[in-house]
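A short worksheet on the structure shown next.
Atoms considered below: every heavy atom in the structure, side chains included; atoms not considered: hydrogens, waters and symmetry mates. Lettering of chains follows the sequences in order, A, B, ..., and the numbering in each one begins at 1. Predicted model only: the values in this text are computed from it and were never measured.
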2 protein chains.
Amino acid sequence: MTSRQPRPRQRDIAKMAGVSQATVSLVLNGKPGAVGLAAETVSRVHEAARELGYVADPIAMRLAGRQNFLLGVHTFSAAFPVDIENSYYPFLAGVEQQAATRGYDLVLFTGAAPSGDHPARADAVHRLRLADGCILFGRTVPVAEIARLLDDDYPLVYIGRRDELGARLPFVGADYTDASRQVVEHLAGLGHERILYVREPDDALASDDREKGVKLGLANAGLTERAPTVVRSEGSDLTPAWVRRQVETGVTAFVAETTDVSAAARALTRAIAGAGLRYPSDVSLALLGEYVVPPVDEPVFTGFAVPRREMGRAAADLLIDLLIGASVPPVRRQALMDCEFVPGETAGPPPATHAGIQTRTKTKARRGQDA
Amino acid sequence: MTSRQPRPRQRDIAKMAGVSQATVSLVLNGKPGAVGLAAETVSRVHEAARELGYVADPIAMRLAGRQNFLLGVHTFSAAFPVDIENSYYPFLAGVEQQAATRGYDLVLFTGAAPSGDHPARADAVHRLRLADGCILFGRTVPVAEIARLLDDDYPLVYIGRRDELGARLPFVGADYTDASRQVVEHLAGLGHERILYVREPDDALASDDREKGVKLGLANAGLTERAPTVVRSEGSDLTPAWVRRQVETGVTAFVAETTDVSAAARALTRAIAGAGLRYPSDVSLALLGEYVVPPVDEPVFTGFAVPRREMGRAAADLLIDLLIGASVPPVRRQALMDCEFVPGETAGPPPATHAGIQTRTKTKARRGQDA
DNA sequence: TTGTAGGCGTTATCAG
DNA sequence: CTGATAACGCCTACAA
C-alpha cells in the first residue's frame with residue numbers, strides 16, 4: 001500500500017547533479033564531447049542517473065522525435081495471416097526480420113471489427129496512419145482508400161504487383177508471369193499437348209499474370225489453343241468426376257494456381273486423388289506457386305517457389321528507405337522478384353495412350369524425364 | 001524529394017472547422033453532449049476530421065495518459081516467433097485473433113538492437129510502454145526488468161507459468177506437471193519400468209514443472225528411482241551410440257521435453273532413428289509436449305498437446321480486461337490450462353526381453369494396450 | 001458554448 | 001559551457 005515513487009525524470013537528475021535539465025539531456029544523448037561539456041559535469045550527471053536508475057521514457061522520446069519507429073502491416077484480405085496454412089505468413093516473417101534489423105517495431109493492424117459499440121469501423125484504413133508507414137498485401141485492393149493515403153503522401157509499400165495505381169504505389173512483387181511460362185514450357189517439353197489452367201474465379205492481378213504466363217508458355221511451345229485452356233473455379237465444382245471428364249477429352253496435365261488459401265488448387269488435388277489418378281503416370285499436375293503447408297501424404301508438387309520471406313524483407317527495407325528519404329531507383333520502387341522453378345514429382349511425360357502423334361502441332365522433341 | 005506532409009493533427013481539424021483545438025479534442029473524445037456543444041459545431045468537426053483522415057497519435061495519447069488500443073507482444077527468447085518451426089507462433093495467432101475481436105491492434109516488439117552505437121541496450125523493455133499493455137513470453141525471464149514494469153503498474157501478461165514474481169505477474173500457463181504425470185503413468189501402465197527423461201540443460205520453469213510431473217508419475221506408478229531418471233542435454237551428445245547404451249542398461253522408454261525449438265527432443269528423435277530402433281517395438285518415446293512442425297516421415301508422437309492458440313487468446317483477453325479495469329478473479333489472473341493427452345504411435349509395451357519380472361517394484365497390473 | 005493555459009517527458013535552439 | 005524557452009500532440013481544468 002505504500003505509494004511508490006514515480007520513475008526518475010531528467011529534472012530529478014538535474015536537481016541531484018546541480019545542473020539544468022537540458023544539460024542532462026545533452027550528456028545522456030551522447031554528444032557531450034562535440035558540444036564541449038566539462039568532464040566533471042558529465043560524470044556528475046552520469047553518476048546521478050545511475051543512482052536514480054534513470055531510464056528515458058520511450059514515449060516522450062518519440063513524441064519529441066516526430067517518428068514512432070512503427071511499421072504498419074495490414075492485409076485487405078478476410079483474415080489476418082495468423083493462420084499457419086495461410087501463405088501470407090512468410091511475408092510477415094520477412095518483414096519482421098528486416099524491421100528488427102533496422103530498429104523498427106511492427107504494428108499488426110488486425111482490421112478489427114470490434115463487437116458491440118462501433119460496428120466495423122469504417123475508418124479502418126485511417127488507423128494505418130498511426131504508423132510511420134505501412135506495408136500492405138492481399139489479393140484485392142480498395143483502390144480509392146489507397147489512393148487517398150498516397151494523396152496524403154503516406155508511405156506505403158505493397159507486397160505483390162499492383163497496377164491499379166500506376167507508378168504511384170511502390171511494391172515488391174513476384175514475377176508470376178515468367179515463372180508460369182517456365183512451368184508450362186516444362187510441361188510442354190515433357191510432351192503434354194493439352195494443358196488446363198485452373199485459376200481462382202476472381203480477377204486478381206496475380207491470377208491474370210499467371211494466365212498471361214501460361215498462354216505465353218503455350219505459344220512458345222507451339223501449342224495452339226484448340227480448346228479452352230483456362231477454367232475458373234473456387235473449388236466446389238472440381239470433383240473427381242470432373243477430373244475424369246477432362247482427362248477423357250485429352251487433358252494430360254493440369255496447372256493450378258496457389259493463393260493465400262489455395263482453394264482451387266487444393267480442391268483439384270483432392271479431386272485427382274479422388275479419381276484414383278496417380279502422379280505422374282496417369283496425369284501431371286503443376287502448381288503455379290507452391291503450398292506453404294503441403295497436404296499430408298502428398299508428393300512434392302511441381303511448380304515454383306515464391307520467395308515470400310525475401311519479398312517481405314525487401315518490402316520492409318524499401319518502406320524504411322522511403323521513410324528516411326533515401327534515394328530509391330525506380331527499379332527498386334516497383335520490384336519483381338524471380339521465383340525458383342521446382343521440378344517436383346508430379347509432372348512427367350503424358351501417358352502413352354495420349355502421347356501418340358495425333359496432331360500436327362510442331363511439338364518440340366520429347367526430352368522427357370525418366371518416369 | 002518532395003517533403004512529405006505530416007499526418008493531420010487536431011489543430012488542422014480546428015483550423016478547417018473554425019474552432020479551437022480544445023474543442024476538437026472534446027468532440028472527438030465523445031463527451032460533447034455532457035459538456036454541451038452545439039450540434040452544428042460537433043458535426044463540422046467530425047466532417048473535417050473525416051475529410052483529413054485524422055487519427056489520434058498513439059504516442060501523444062499515451063503521453064497524455066490515455067489509451068491507444070495497442071497491445072504489445074514481446075518475447076525474451078532469441079528470435080521472434082516469426083519462424084514457422086518455432087512453437088511460439090500459435091501464441092501469436094491466438095493473441096491476434098482475440099485482440100481483433102476486441103478492437104485492439106498488435107505491436108510486435110522485435111527486440112531490435114538498433115544498428116551501430118548501442119549494442120542491444122539493456123533498457124529495451126521500456127519500449128513496451130508504448131502500448132497500453134504487453135503480452136510476454138519466452139523460456140527465460142529478465143526478472144528485474146519485468147519487476148520494474150510491474151512497479152509502474154504497467155499491465156503485463158505472461159504466456160507460460162511464472163513464479164519468479166509471485167502473485168504480481170499475471171499469466172496464462174499450461175499445466176505441464178499434470179500432463180507430464182499423465183504421460184509417464186501411461187508409459188508405466190504399458191509396462192515400462194525404466195523411463196528416462198531428457199530435458200533441456202537450462203533451468204526453465206517449464207522444464208522443472210515437467211520434471212516434477214515425471215517424478216510424480218513414477219511415484220504414482222510405484223517405480224522407485226534406482227538409476228538416474230533425468231538427463232540434461234542440449235542435444236549434441238544424444239547420439240545413436242548413447243541411445244544404444246541406455247537401452248542396454250534397461251531403459252525401455254524415453255520421455256523428452258519439447259520447447260520453442262525442441263533441440264533435445266529432435267536430437268533424441270534423430271539418435272533413435274540413427275540407432276536403427278523402431279517405435280514402439282524396440283523402444284518407446286513420448287514427448288512432453290508436441291512438435292509444432294513434426295519431422296517428416298515420422299509417426300505421430302505420443303505426448304500431449306499444448307493449447308497454444310487458446311492460451312494466446314486467453315492471454316489477450318486477460319490483458320484487455322486488466323486494461324479496462326474489469327474485475328478479474330485470481331484464478332483467471334494466473335491461469336493454468338489443461339493439455340490434452342495424445343496417444344500417438346510411438347509408445348507401446350516394452351520389448352519382451354526387458355519385460356520380465358526382474359525387480360520387486362510393485363508395478364501395477366499390466367493393462368497394456370494392443371501393440 | 002467555446003477558447004486559453006498548463007502539463008505529460010523529451011529534444012533542440014539560442015542567447016549569455 | 002549553461003539555463004531558459006519552445007516545440008512535439010493530446011487532454012483537461014478553468015475562464016470567458
Taking CD from A:Gln10 and C1' from D:dT2, how many angstroms apart are they, rounded to a whole number?
15 Å

Please check: side-chain N/O of B:Asp132 versus main-chain N/O of B:Phe69, any donor-acceptor pairing under 3.5 Å?
yes

Assess whether side-chain hydrogen bond (donor to acceptor under 3.5 Å, both in side chains) is satisfied between B:Arg62 and B:Gln67, documenting all intermediate values.
CA-CA 6 Å; B:Arg62 291 275 298 161; B:Gln67 99 182 95; over 6 Å; no

Look only at the side chain of A:Arg333 and the backbone of A:Arg168, and say whether a donor-acceptor pair between them is shorter than 3.5 Å.
yes

Shortest side-chain distance from B:Ser20, nucleotide among C:dT4, D:dC11, C:dT10:
C:dT4

Distance, rounded to the nearest Å, where B:Arg62 contributes CZ and C:dG7 contributes C1':
17 Å

Which nucleotide in the list D:dG3, D:dC11, C:dT10 gets nearest to the side chain of A:Val19?
D:dG3

With nearest nucleotides of DNA chain D determined for B:Asp57 and A:Ala39 from heavy-atom distances, which residue corresponds to the more 5′ nucleotide?
A:Ala39

B:Met61 CE - D:dC8 P separation (whole Å)
18 Å

Integer-rounded Å distance: D:dC8 C1' and B:Gln21 CD:
12 Å

End-to-end bend of the helix from C:dT1-D:dA16 to C:dG16-D:dC1 (five-pair axes, 10° rounding)?
60°

In whole angstroms, the gap separating P of C:dG7 from CZ of A:Arg11 amounts to 10 Å

Any B:Thr23 side-chain nitrogen or oxygen under 4.0 Å from OP1 or OP2 of C:dG3
yes

Rounded off to whole Å, could you give me the CZ-to-P distance for the B:Arg129 and C:dC8 pair?
16 Å

Whole-Å distance separating the CG atom of B:Leu26 from the C1' atom of D:dA13:
11 Å

Out of B:Leu318, B:Ile324, B:Ile320, which one pairs with B:Leu322 under the side-chain contact (heavy atoms from CB on, under 4.5 Å) rule?
B:Leu318

A:Ala22 side chain: which of C:dA12, D:dT2, D:dC10 is closest?
C:dA12

Per B:Ala60 side chain, nearest of listed nucleotides C:dG3, D:dG9, C:dT11:
D:dG9

Would you say a side-chain N or O of B:Ser25 is under 4.0 Å from OP1 or OP2 of D:dT12?
no

Counting distance only, does the side-chain N/O of B:Asp12 pair as donor-acceptor with the main-chain N or O of B:Arg9 below 3.5 Å?
yes

Does A:Asn68 reach the main-chain N or O of B:Ile59 with its side chain, forming a donor-acceptor pair under 3.5 Å?
no

Closest to the side chain of B:Thr41, out of C:dT1, D:dC10, C:dT11, is C:dT1

Mind calculating the distance between CG (B:Leu63) and C1' (C:dT10) to the nearest angstrom?
8 Å

Quick one: does NZ or CZ of A:Arg162 land under 6.0 Å from the six-membered ring centre of A:Tyr158, within 45 degrees of the ring axis?
yes

When you measure from the side-chain N and O atoms of B:Tyr54 to the phosphate of D:dC10, is any distance below 4.0 Å, counting only OP1 and OP2?
yes

